[in-house]
Amino acid sequence: MASKTSPLIQFIGVLCLYFTSVTRQTNKNDGKMIRFWHLLGLILILNIPPIENVDRNNFKTCDQSAFCRRQRKYKPETSPYEVDLSSMETLANGHLQFTLLNTLKTHVKFQLDLYTLEQNSLRVKINEINPIRKRYEVQSVLVGEPKLVKVNITKSDGNQIEGRFDKSARFLLNAKPFRLDLFTNDIFVMSVNSKNMFNFEHYRKKPGSDGTPAEDNKEDNEDGMWEETFKTHHDSKPYGPSSIGVDVNFLNFENVYGIPEHADAFALRSTHETDPYRLFNLDIFEYDINNPMALYGSIPYMLAHNEHATVGFFWLNAAEGWIDVQNDKLNTKNLFSTITSFFGSKSNNENNEVPEVSTHWMFESGIFDGFFFLGPTPNDVFKQYTTLTGTVPTPPLWAIAYHQCRWNYNDEDDVRGVNNGFEQHQIPLDVIWLDIEHTNGKRYFTWDTSKFPNPEKLQDDMAIYGRKMVTISDPHIKKDDGYQLYAEAKSLGYFVKSKDGSDFEGWCWPGSSMWLDYFNPEIYKWYSQRYSYNNYKGSTSNLFIWNDMNEPSVFNGPEVTFPKDLVHFGGWENRDVHNLYGMLQHMATFDGLLERSNGNIRPFILTRSFFAGTQRTSAVWTGDNAAHWSHLKMAVPMLLSLSVTGIGFIGADVGGFFFNPDAKLLVRWYQAAAFQPFYREHAHIDTARREPWLFGDDNTRLIRQAIEQRYTYLPFWYTLFRKQEKDGVPPMLPLWANFPSDTNTFKTEDSFMVGNGLLVYPVTDADVNQVTVYFPGKNSVWYDIRTFVQHNGSETALINVDMESIPVYQRGGSIIPQRLRKRRASMLAIHDPITLVVALDRNNEAEGEFYLDDGQTYNYRHKHEFIHRRFTFKNNELKSTSVDNSARFETDAWIERIVILGYPKNPARVTINSGDKQAIPLHSYQETSQILVIRRPGPSVTADWTLILS
Ligand SMILES: *[C@@H]1O[C@H](CO)[C@@H](O)[C@H](O)[C@H]1NC(C)=O
Ligand SMILES: *[C@@H]1O[C@H](CO)[C@@H](O)[C@H](O)[C@H]1NC(C)=O
């Protein structure tokens, strides 16, 4: 299929590139034209077919997706689905099974499995009984078999079964019609099929295929059921319709969150006048913001929050999905007369109306496998979801520090030059990244030896500065018999197959390419072994990995990805498993990096595509954003949506990937991202260089300050990541996670929390000298981390800002560990002394934690080599105690400074008791600002000690 590019065409391509570089130097502003010529040049040289129009017409609307069209219009007066209660079987403690019937098509029977799970969670599975084709059930997502708990059947009559389980959970299963109501603490929170939209398309024979005339079977022959065409792409649909729709309704809630990835609001909008939110992993070129289009990853998980409860619904399904969201009012007057109270405090208003968010979920295939999390607190829900899908393991310390990336750092001299720039300008840095151009013609696991003749030496040299490197490794494999990886995979039959059984071939960066079928465990293992030092020549223990383009991106495929009828291992169509593909690649990469260190060193992987469970192995970034203020602003809601759905190690490209940020935008982006979990600057190949020192001394200083702030707070970040591994609580949080009853925070997306200690309000507008900050929480107090000015909670304040300002506030009641000594890289600072910032609340109390380990191995798990301290300030005493007495970690780190904010008076005497030793440290007090600073001698971070103020 691939024609070789003729020398003449290549020559014209070179001319285009030459023209591009000349124009770039002479005319800075005409970015669009430059990109056009550049792209044309690349196309001609590399023989890449043009990426069709780079606008949203490349991607389907619901109307252009036959199953979405069918499901969206399905709205019967009453549901034809009924549960046959007489069929109930108790298969285990906590597992009930029923038959579900469609009364309009009685020959089709469904099995409904109901599992009551530990931690107030319920699982409901609905599948066809004896389908003519087996339906796909998602693999690789759950961390194990969910643990069942006993259910008490508290009511059972002809039409209803009620069960209570775990701490405060209750379900009510209504038979005719099928409806499932869920309660937490006896508050009615969720309802399934109360809008009658449950609609399960069973597998069927194609009308006419058994000799009967097609007209006899009209409803099985709707438009798009048996084939469908989008633009020039034909989807053969060999198995016909198979979609499932269901309504899940959140009662007495006004806000729902989650279902990433979309460049849209954090509190999800009503889709009344737009397309539904789409879940289908796609490489969308220059994505638009404020719309429900699909992006690179999918998490079919939604949370709802109000002042009484936080709940969640997760539908484990990897097919293409669409979700409608609607804000409704529900009249409760004659509803459920048998139940007295279920709406919490709002139940008795005059018109018997409560708010409701109705959601309509539609997936193209698979089964219904719904998990319902009944909270009732935000932290309960974080725990419930991550108990099933896993938490983010504590990353290596350097991975949460600052990363410098660009498409591309061109050669070894360029990399050394960038490293020297950071040295010369005294800006901390932990990692330098290499994008696709470092390879030999986009053959991953190889190097362009003219530009990178000695990659091991380069990595060793960076290691002298305490720095790591990351190289990119994409899933497309260049079709080239001379490329060993390709030749081997080809001969082993390891590539995904077209519907006719031949190896699927498509276009990506290297030109004609093929893709490995990670769904086959043998291929998955083989791929992970490519990361061994032996197989990946030029890699060292200081090299880590970036998996990009793994939706996967196929330039000439339908919607720039795999065709739906492509076939994976086990005979599953891409239709069934699409959203899992990227995750399998980065899981295999993780296994490979783990294996190469014999399980000793924590891997680091960044992925663009993701699914539920990605958090266990990979960090995620928001893909190809742009250097616009609106994209800087959008990063917060996008990151919050990922955070609350378990993907906690996340960031957006600093500066914006496409286009050139001006100095102001770049500085503001550095400042905002200094307080977001993954902190990396990255830029497109067509942008001007933008290392931190290229914008004048003033801006260099501002960027340095922002990055230094990040390093100052690394002990706090690291402690939060450890908490995430243990409890599933992400480090970056919406305000409502810490202030669940403060209704002013439910739609907040201009500010966020780091742990429960810092409130961050990034400046995301070009020309402002004031921002309006809402301080959450009644009776709370907040301290500006720069000026220490106090602000009261439950109040909005106008804050003056200049270019130095990063509006960040420490919550009164928190204690935050910091490292104030300046270092070039985080790993060099592990044993540095610690400063504790104690911010007192209205009762003059505070608490916090500090976690420390070697920053890179698994010894914290296997050998208990870590320190985990708890600090509490109460009754004028600050105590340091151990959270885990079995833990040991050798360090000479000590507490060099304690800063107490909001302390009412200058203490006459300050003593520190540690064991039988007593010390009298120096202290100073500022009356106007109420700051008490205590200096050395300080105790070791490993010791128990008490500071007494009298
Ligand atoms: C189930 O019933 C038993 C016996 O009546 C009772 O002790 C237990 O607390 C009940 N459990 C739940 C979750 O309601
Ligand atoms: C904050 O609240 C405290 C206690 O209610 C009050 O004394 C103080 O005046 C308030 N400060 C401001 C700036 O409103």
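All values below come from the heavy atoms of this structure, side chains included, with hydrogens, waters and symmetry mates left out. Counting starts at 1 for both ligands and their atoms, following the listed order.
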**Request:** For ligand 2, would you mind listing the residues that have at least one heavy atom less than 4.0 Å away, ordered by chain and number?
**Result:**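 Correct list: N792, R842.
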**Asked** Should the pair F314 and F373 be assigned to parallel (<30°), tilted (30 to 60°) or perpendicular (>60°) ring geometry?
**Response**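 Ring orientation of F314 relative to F373: parallel.
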**Item:** Contacts of type side-chain contact (heavy atoms from CB on, under 4.5 Å), residue D802, not counting sequence neighbours
**Value:**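 Scan of D802 (side-chain contact (heavy atoms from CB on, under 4.5 Å), adjacent residues dropped) gives R786, E804, S805.
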**Prompt:** With sequence neighbours left out, which residue pairs that include part of residues 772-783 fulfil the salt bridge (charged side-chain N to carboxylate O under 4.0 Å, His left out) condition?
**Reply:**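 Passing the test, one end in residues 772-783: no pairs.
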**Request:** Decide if the gap between the ring center of F746 and the ring center of F253 is smaller than 6.0 angstrom.
**Result:**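 Not close enough - the centres of the two rings lie 6.0 Å or further apart.
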**Prompt:** How would you list, by chain and number, every residue that makes a ring pair (Phe, Tyr, Trp, His ring centres under 6.0 Å) with Y903, sequence neighbours excluded?
**Reply:**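 Applying ring pair (Phe, Tyr, Trp, His ring centres under 6.0 Å) to Y903 gives none.
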**Request:** Run the numbers for me: atoms of ligand 1, each under 4.0 Å from some heavy atom of R164, listed by number.
**Result:**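 Within the 4.0 Å cut-off of R164, ligand 1 contributes 14 (O).
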**Message:** Whether the side chain of N152 engages the backbone of T154 through a donor-acceptor N/O pair (distance < 3.5 Å, no angle test) should be reported.
**Reply:**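 Not confirmed, N152 side chain does not pair with T154 backbone.
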**Request:** Please state which part of D166 comes within less than 4.0 Å of ligand 1, counting heavy atoms only: side chain, backbone, both or neither.
**Result:**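 Just the backbone.
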**N185 and S168 side chains, donor-acceptor separation under 3.5 Å** =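 On atom types as modelled, these side chains qualify, holding a pair under 3.5 Å.
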